[in-house]
Colleague: 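Let me begin by handing over the structure; questions about it come next.
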Amino acid sequence: MLLRIWLLTTLVILFALSVLTGPAGLTLVDTVRALFLGQGEAATLVMREIRLPRAILGVMVGASLGLSGAAMQGYLRNPLAEPGLIGVSGSAALGAVIVLQTGLAAAWWLALPMAALGGALAAVMLILLLAGPRGSSLTLILAGIAISALAGAMTTLVLNLSPNPFAASEVVFWMMGSLSDRSFDHVWIALPFMIIGWVLLLSLGRPLDVLTLGEDAAATMGVETRRVRMVMVLGIAACVGAATAVAGAIGFVGLVVPHVLRPFVGARPSALLWASALGGAAMVLAADLAVRLILPDRDLKLGVLMAIIGAPFFLHLIYKTRGELR
Amino acid sequence: MAALASAAALLVAGSADAEAPTRVVSMNLCTDQLAMLLADEGQLLSVSHIAFDPLASPMVEEAAGYEKNHGQAEEIFAMRPDLVLAGVYSDPYTVGLLRRLGVDVVQFPLETDFDGIRANMLKMGEVLGQVDAAQRLVAQFDADLAALGPNGEERPSALLHYANNYTSGDKSLAHQILLAAGFANATTEAGITVAGSVPLERLVLLMPDLVISGQPYPGASRAEEVLDHPALRVLQQKQSGATLTDAEWVCGTPFVLRAVARLVDIRERM
């Protein structure tokens, strides 16, 4: 409970900082007046149409990625499982890029999130098929490498074939993710899918807790592994698909956040789900603040920052679990 | 045989003086247009493939009468040109290779203002041996510009907004087109004089009277998504509207006057 209050407070502070930070150089009074009272036409546009959706998307994307990581790790009982690293985000990006370049996304607004969801779904199912129900680290990571590489290559191909001269340079966005110049259009595209994903994944709290006792014990307590698996797959696909469709593939959030928070929740997956959602939101907001403060004019990609923070965690986890990898 | 062919071409060239090149190939969109406007019939063999792209070229119909080249040294050399027209930013390897092969390559500078346009028209007339035609074209250009009428006292502000939040700065043809049409450039007025990317927030704070966006290419890109950002949409609806830059904005040719005329029309309705 204390952890939740602490995380929520951090989140609120980061959200406020995110809304207050930007290149427009508005004063604190101006921003508050514009945001809440709509005073000052230009400032109101900046606050309500540019900064607010960016901060909201940061929360949505972070919560989705943190939650997905926690759920996947809980189900596979493997701390290395993370949608970004094993190619789920990359496959979602491929789905998104395909509908964007074929014009389907422009014709029908649901096409973009649905295609990203489809890509993510295919990747999760393939990973689970290859890694098996236990999700041994070795097969999980090897399968993940292959799927990531293929999805990345196909994304590059689609963007290279695009008639649009700007598309090819956007491989970076799809592989590294960014929240710059997003709008409420993107919030509305992603939100319905994310809500579905959140509901599905948060419903897994008790089954995941029981699963820590082993599958046989869980079965005797009425937990259907198959159903849990299906709910998790759909939940992760919805969360990661929607997040990637609007913000690109941002890796390591689902790895770092549950890893940091696990000691505080006594390794209970159900508590970790909630904590990781809040923590993920805070983490992405913080990262998005950092990219704006470090290099304000260069649109530094979120994924770059997350990798700098996350990769050492990942290497540390591999080092810790290396006995199991053999 | 070759001598016979060039003699025949000379005959076709007609009014061109004896020194004039007879097998001209252009490999740059802007030299394409000037050459098509000034060359004698049969004098110009080929124009760049971009001249065939309606998004970038205002002379697509005229271009259809010429062979298409892709700016490759090999294909251009195979056309046995006696003059190749290129821009200063054309691929230096291609230009260097053609020169080593003994082909005469003339490079044209980028036009950043209307004087640059006049200078390039005259230069094109000179290298094509069409000096009289070039002078007539310049005279027509000046007359058409004068006919657009004087600018009002009040200069409404216009924002040039391209993909990736790019703006043109004050050393650009687009900036000169705005000024000629009686607008003030919103970004340069605010002290942003260097061409480059400007954060969307800062652009919105300028509250321009008119938003002029880059024309979107087919396919999709995140770079172009900002052109349709809700914050700009609000500006466009509230203010006097929006317009696109198009093929007529790209090159320093008499076609820029059409762009100026359209802007003047918008300004007068404001």
Side-chain angles (χ1 to χ4, degrees), chain A residues 21-26 30-31 34 40-54 96-106 112 158-159 161-174 178 180-188 246-248 292 296-299, chain B residues 29 49-50 52-56 157 159 161-167 186-187 189-192 194-209 211 213-239 245 247 250:
Chain A
T21 307
L26 298 168
D30 282 347
T31 53
E41 204 171 18
T44 306
L45 270 182
V46 168
M47 296 308 294
R48 292 188 180 170
E49 298 294 343
I50 299 177
R51 291 199 195 164
L52 191 60
R54 181 174 187 154
V97 165
I98 289 173
V99 287
L100 278 171
Q101 293 304 332
T102 50
L104 277 173
L112 177 65
V158 172
L159 291 173
L161 291 178
S162 165
N164 194 297
F166 298 103
S169 64
E170 289 174 3
V171 175
V172 187
F173 164 74
W174 289 107
S178 162
S180 73
D181 293 335
R182 303 280 88 183
S183 66
F184 271 112
D185 294 352
H186 302 101
V187 172
W188 302 133
V246 293
R292 277 182 284 172
D297 298 329
R298 300 303 300 270
D299 188 19
Chain B
L29 174 67
H49 67 285
I50 309 173
F52 293 80
D53 176 1
L55 283 176
S157 66
L159 171 69
H161 184 230
Y162 308 106
N164 273 330
N165 292 324
Y166 203 86
T167 69
T187 47
E189 296 281 293
I192 306 167
V194 182
S197 225
V198 180
L200 186 60
E201 292 188 6
R202 291 181 62 193
L203 296 179
V204 169
L205 284 187
L206 301 176
M207 290 301 263
D209 297 314
V211 178
S213 310
Q215 195 172 42
Y217 289 86
S221 74
R222 211 180 105 81
E224 290 168 343
E225 253 183 87
V226 288
L227 300 178
D228 191 37
H229 193 284
L232 282 175
R233 253 185 269 153
V234 171
L235 270 189
Q236 290 165 357
Q237 282 157 12
K238 206 192 74 59
Q239 313 290 348
T245 64
V250 181

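Throughout, protein chains are lettered first and strands after them, A, B, ... in sequence-line order, and every chain is numbered starting at 1.
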Colleague: Students often mix this up, so state it plainly: with edges at 30° and 60°, are the rings of F184(A) and W188(A) parallel, tilted or perpendicular?
Modeller: parallel

Colleague: Which one of A167(A), S183(A), G40(A) has the most heavy-atom pairs closer than 4.5 Å to chain B?
Modeller: S183(A)

Colleague: T102(A) versus chain B, heavy atoms under 4.5 Å apart: side chain, backbone, both or neither?
Modeller: neither

Colleague: Tell me, for L159(A) versus chain B, whether the close heavy atoms (under 4.5 Å) come from the side chain, the backbone, both or neither.
Modeller: neither

Colleague: Suppose we screen for salt bridge (charged side-chain N to carboxylate O under 4.0 Å, His left out). Which residues come up paired with E225(B), at least two apart in sequence or across chains?
Modeller: R182(A)

Colleague: Who among G22(A), A105(A), P165(A) has the most heavy-atom pairs with chain B under 4.5 Å?
Modeller: P165(A)

Colleague: Could you tell me which residues satisfy side-chain contact (heavy atoms from CB on, under 4.5 Å) with D181(A), sequence neighbours excluded, listed by chain and number?
Modeller: N165(B), L200(B), V226(B)

Colleague: Give the member of G219(B), S197(B), A220(B), P218(B) that has the highest number of heavy-atom pairs under 4.5 Å with chain A.
Modeller: A220(B)

Colleague: Assess whether a salt bridge exists between E201(B) and R51(A), defined as any Lys/Arg side-chain N lying under 4.0 Å from an Asp/Glu carboxylate O.
Modeller: yes

Colleague: Just so I understand: if I count every heavy-atom pair under 4.5 Å between each of A43(A), G103(A), S162(A), S180(A) and chain B, which residue has the most?
Modeller: S180(A)

Colleague: Atom OH of residue position Y162(B) - does it have more than 12 heavy atoms of other residues, nucleotides or ligands inside 6.0 Å?
Modeller: yes

Colleague: With heavy-atom distances below 4.5 Å as the criterion, would you say the side chains of R54(A) and R292(A) are in contact?
Modeller: yes

Colleague: Among V198(B), V204(B), L205(B), who wins on heavy-atom pairs under 4.5 Å with chain A?
Modeller: L205(B)

